[in-house]
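Read through the structure below, which is laid out as structure tokens, and then see the notes.
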Amino acid sequence: MPKSRIRKKADYTPPPAKTATAIKLNSRAWVAPVMLAMFVIGLAWIVVFYVTDGSMPIDSLDNWNIVVGFGFIAAGFGVSTQWK
């Protein structure tokens with residue numbers, strides 16, 4: 001039986017090295033603490049209003065204290081749109 005021809009395989013050449021590109025990240029380290037602070041302040045405002053039977057945090061606002069608390073929470077959601 002005739003001997004088959006031996007195929008010569010090409011030597012392995014590694015793919016070209018990728019150059020590292022600098023990724024420019026905007027520093028938004030302030031977003032998470034401010035967002036959480038707004039959530040907590042709004043929640044605390046509403047809880048204090050209900051626990052003190054409407055006499056605190058600001059007595060003259062009456063039930064508008066709830067709106068103020070939800071305003072803080074809404075502001076927290078507004079700040080959360082800046083989070084990346």
Side-chain angles (χ1 to χ4, degrees):
M1 183 160 243
K3 196 173 187 183
S4 66
R5 286 188 241 157
I6 300 174
R7 295 182 201 166
K8 188 170 186 176
K9 292 184 180 180
D11 292 334
Y12 173 74
T13 55
K18 295 181 181 179
T19 57
T21 57
I23 299 173
K24 190 173 186 179
L25 296 175
N26 293 337
S27 177
R28 305 247 178 174
W30 59 272
V31 173
V34 171
M35 176 184 65
L36 292 175
M38 297 294 247
F39 289 154
V40 169
I41 290 170
L43 181 65
W45 194 288
I46 294 170
V47 167
V48 167
F49 174 72
Y50 277 114
V51 168
T52 60
D53 219 12
S55 64
M56 283 181 64
I58 300 176
D59 191 26
S60 62
L61 288 180
D62 285 334
N63 287 335
W64 284 97
N65 279 306
I66 298 171
V67 175
V68 172
F70 278 115
F72 275 111
I73 294 171
F77 279 114
V79 170
S80 72
T81 63
Q82 300 297 315
W83 197 1
K84 288 188 178 184

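Every value quoted in this text rests on a predicted model; they were computed, and no experiment measured them.
Both Trp83 and Phe72 are members of a single hydrophobic cluster when ILVMFWY side chains are connected at heavy-atom separations under 4.5 Å. Both Trp30 and Ile41 are assigned to one and the same hydrophobic cluster, defined by single-linkage of ILVMFWY side chains at heavy-atom distances under 4.5 Å. With hydrophobic clusters built from ILVMFWY side chains whose heavy atoms lie under 4.5 angstrom apart, Val67 shares a cluster with Ile58. There is a path of hydrophobic side-chain contacts, each under 4.5 Å, that joins Tyr50 to Phe39. Note: the hydrophobic cluster containing Leu43 does not contain Trp64 (ILVMFWY, side chain heavy atoms under 4.5 Å, direct or indirect links).
Remark: side-chain polar atoms of Asn65 are not paired, donor with acceptor, to backbone N or O of Trp45 under 3.5 angstrom.
Scanning both residues, Thr81 and Gly78, for their nearest heavy atoms gives OG1-O, 2.6 Å. Shortest non-hydrogen contact noted between Ala75 and Met38 is CB-CE, 3.4 Å. When every heavy atom of Ser80 is checked against every heavy atom of Met35, the shortest pair comes out as CB-SD, 3.1 Å.
Here the CZ-CZ distance, from Phe70 to Phe77, works out to 10.5 Å after rounding to the nearest 0.5 Å.
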Might you work through the side chain to side chain contact (heavy atoms under 4.5 Å, CB included) test for Ile46 and Ile73, ending with a clear yes or no? CA-CA 10 Å; Ile46 294 170; Ile73 294 171; 4.3 Å; yes
